[in-house]
Protein chains: 2
Amino acid sequence: MDLRRLRYFIAVAEELHFGRAARRLHISQPPLSLQIQTLEQELGVALFERAGHRISLTDAGRELLPRARLVLAQAEAAKTAVQRVGRGESGALELGFTGSLPFTPVMPRVLHDFRRAYPGVQLQLRELSTREQIERLTAETLDVGFFRPTRHELLEQLETRVVLREPLLLALHADNLLARRKRLPLAALAQEPFILYSRSVSTGLHDQILALCLKAGFAPRIVQEVHEMPTIIGLVAAGVGVALVAASMRQIHVPGVVFLPLVETGVATDILLAWKRGPASPALRNFLAIALSQTK
Amino acid sequence: MDLRRLRYFIAVAEELHFGRAARRLHISQPPLSLQIQTLEQELGVALFERAGHRISLTDAGRELLPRARLVLAQAEAAKTAVQRVGRGESGALELGFTGSLPFTPVMPRVLHDFRRAYPGVQLQLRELSTREQIERLTAETLDVGFFRPTRHELLEQLETRVVLREPLLLALHADNLLARRKRLPLAALAQEPFILYSRSVSTGLHDQILALCLKAGFAPRIVQEVHEMPTIIGLVAAGVGVALVAASMRQIHVPGVVFLPLVETGVATDILLAWKRGPASPALRNFLAIALSQTK
DNA sequence: ATATTTGATATGTTATCCATATCATCCTGG
DNA sequence: CCAGGATGATATGGATAACATATCAAATAT
């Protein structure tokens, strides 16, 4: 049984006239008659009653008609669905991000634009540490990820682009005397209790800030390590200590927390978009196109 | 898009190996590769990821697989359903019957046997007058009918078979003095109020009984005409009069009604099975085979 | 390094499908 | 009642598509 034959059958069943049906199918009448005969032979059942020049459906034909329509419609639906996936208009995309990313301007904008452009794609958002993202990206259990720079041996298997560079700000409690200043040199923090990113999870920021402090002439007195940037804000508000955070953390309004720029220039952290090298799925290509077009 | 290609695709998607899939499909490997390529071209999407010697499904392929299975399964279901109808194991059958038929031994037995033999056939039962049945049978809005003999010009377009011949009994009220007798001659009813079948609806019985009475030497005093036999029983119970009914009306047990055989022999009524001449649907053929096999 | 496996390519053969031409039958109108 | 038109079936040749055998290129395994 062939989809073509089913289509032919439907045409004849609807027109109840071989000639008209053939015209509608853009073929001539004889092959249409033959195809119907073949179908009937194949099924072992007469589908049409040929009484003189008037034809009508048999019981078997009446049984087949709606079923044939169904099969054809679902074949058509399968085709368009597959093509949508092929064009990246449908499908699924798993997106990783670290805790600070939702507060940056870039990730919300990318998500918004992509969702509007490709509403058929299921975006799965997963808050994951930088390391987890890298591991899952290489293992292809994650399609694309937002995180900040770090060191990782698997990074070379990934493609990365900087999508935003934002300054690091000093976050400290309003009660701290230093909070009255407009800006501060890093060295002013030499005696302050320091909240720092965990060495194992946020290697990049940990190392970057340690290096900055050493360059400023002191080793920070680390009183707490945290995994994610937003956590820091809470700790600062609780008076645990001071910290360096990305500028977009200012989005988090917590009473008692003051953000101050550093005197030093060029102290900043990048936000990266990363995905695995090699052939990208259509949905991923579309996502990258939108995400990267906004960072020119 | 072709059902064959979908079948091929499913095989490759399940085996993830062109060679094994080809063996399973009983074709050689090259045409299988070509068919998959053709399908991919047709859809404009890659369905398999050919990384070296290991192939895997693309997103589009994963989208297609369940849909292809569905289309194929439904095509298969359509095929078997149509063949079932073709063999008369399925489909619909409209059966007409007059009010007295459910009380005869023949109709319940035929229905029971047919339902057991062909449970897939939808049997629509319609209580219709003899005349309506004949008209609908010729118009092919009824497939087959049970009724008693009658005269009708359309009858010649129908095929009829006698499936049961049952005696006519006298039905009268227990209070009637005649009810004490074991049997009665028809002439004994000469003075009794007579309930008769309607001339217009049950022409056959009407004429038959009138003729019998005349032969017995009297014209019945008709006090009531009815359309259906069971109605008579109620009227007899109510003391309206006496009537001649088929023997199977004894099935209806109503207090006060007595059934007596006639002295005359050979006073009987036939039950007919009727259907339209010409090619019968498979379901009808099977029904007739069962109905007629029981009346040998 | 070599043998084996695997999917792609090349080519000839066969089967299928379609179009033109024609036929048989039925219906319609004069 | 008969001729003409209409309708579906049949016959036949040509184009297309599907298949098998043979072969190749690349990757994996021993």
Side-chain angles (χ1 to χ4, degrees), chain A residues 1-58 60-61 64-65 68 72 75 79 277-279, chain B residues 1-58 60-61 64-65 68 72 75 79 140 157 277-279:
Chain A
M1 199 161 52
D2 190 347
L3 289 186
R4 187 203 308 121
R5 294 210 178 99
L6 290 182
R7 191 162 32 241
Y8 287 4
F9 165 74
I10 291 173
V12 177
E14 284 179 355
E15 300 285 348
L16 287 177
H17 189 293
F18 277 79
R20 276 200 301 276
R23 245 169 287 138
R24 188 171 120 185
L25 294 166
H26 303 107
I27 63 172
S28 61
Q29 169 262 317
L32 179 56
S33 291
L34 288 175
Q35 290 294 338
I36 297 297
Q37 285 172 26
T38 309
L39 180 61
E40 288 180 325
Q41 256 179 334
E42 193 178 356
L43 296 173
V45 180
L47 298 171
F48 292 98
E49 206 107 46
R50 279 95 158 167
H53 280 177
R54 202 136 293 166
I55 63 172
S56 57
L57 280 168
T58 63
L64 180 57
L65 183 54
L72 235 69
K79 183 173 176 176
R277 288 183 200 281
Chain B
M1 198 158 56
D2 189 348
L3 289 186
R4 188 202 308 120
R5 285 203 249 271
L6 290 182
R7 190 162 32 241
Y8 287 4
F9 164 75
I10 291 173
V12 177
E14 285 179 354
E15 301 284 349
L16 287 177
H17 188 292
F18 277 79
R20 275 199 303 275
R23 244 169 287 140
R24 189 170 118 186
L25 295 165
H26 302 107
I27 62 172
S28 60
Q29 168 263 319
L32 179 57
S33 292
L34 287 176
Q35 289 295 337
I36 298 296
Q37 285 173 26
T38 310
L39 180 61
E40 289 178 321
Q41 257 179 336
E42 193 178 356
L43 295 173
V45 180
L47 298 172
F48 293 99
E49 207 109 45
R50 278 95 158 168
H53 280 175
R54 204 137 291 169
I55 63 172
S56 57
L57 280 167
T58 63
L64 180 57
L65 182 54
L72 234 69
K79 183 173 176 176
E140 292 189 275
Q157 295 189 33
R277 287 183 199 280

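Chain identifiers are assigned alphabetically (A, B, ...) following the order of the sequence lines, protein sequences preceding nucleic acid strands; residue numbering begins at 1 within each chain.
Checked by atom type and distance alone, the side chain of B/Glu40 pairs as donor or acceptor with a backbone atom of B/Phe48 at under 3.5 Å. A/Glu15 places no side-chain N or O within 3.5 Å of a backbone atom of A/Ala22 that could act as its donor or acceptor partner. Side chain of A/Thr58 to backbone of A/Leu47: a donor-acceptor contact under 3.5 angstrom is found.
OP1 or OP2 of C/dA8 lies within a sub-4.0 Å distance of a side-chain N or O belonging to B/Ser33.
As rounded to whole Å, 19 Å separates atom P of D/dT7 from atom CG of A/Leu34. Per the geometry, CZ belonging to A/Arg50 stands 16 Å off P belonging to C/dC27, to the nearest Å. In this structure, A/Leu32 places its CG atom 16 Å from C1' of C/dT16, rounding to the nearest Å. For the pair A/Ile27 CD1 and D/dG8 C1', the interatomic distance rounds to 14 Å; values are reported in whole Å. Per the geometry, CZ belonging to B/Arg23 stands 8 Å off P belonging to C/dT6, to the nearest Å. Here the C1' atom of nucleotide C/dT16 and the CD atom of A/Gln41 are 14 Å apart, to the nearest Å. One atom, CD of B/Glu49, and another, P of C/dA8, lie 13 Å apart when rounded to the nearest Å. Separating the CD atom of A/Glu40 from the P atom of D/dG8 is a distance of 13 Å, rounded to the nearest angstrom.
Residue A/Gln37 is the one, among A/Gln37 and B/Asp2, whose nearest nucleotide of DNA chain D lies closer to the 5' end (criterion: closest heavy atom).
Between C/dC17, C/dG7, D/dA18, one nucleotide has an atom nearer to the side chain of A/Gln35 than all others, and that is C/dC17. Checking D/dG8, D/dC19, C/dG7 against every side-chain atom of A/Ile55, the shortest atom distance belongs to D/dG8. The listed nucleotides are C/dA21, D/dC19, C/dA19; the one nearest the side chain of A/Pro30 is C/dA21. Taking every side-chain heavy atom of A/Arg4 into account, C/dC18 is the closest of C/dC18, D/dA18, D/dG8.
Contact annotation for A/Phe48: no contact, since no heavy-atom pair falls under 4.0 Å across all strands. Using a 4.0 Å heavy-atom distance criterion, B/Arg5 is classed as a sugar-phosphate-only contact.
Note that the CZ atom of B/Arg5 and the CG atom of B/Leu34 stand 10.5 Å from one another [nearest 0.5 Å].
There is no side-chain donor-acceptor pair under 3.5 Å between A/Gln37 and A/Ser33.
Checked by distance alone, B/Gln29 brings a side-chain donor or acceptor within 3.5 Å of a matching partner on the base of C/dA8.
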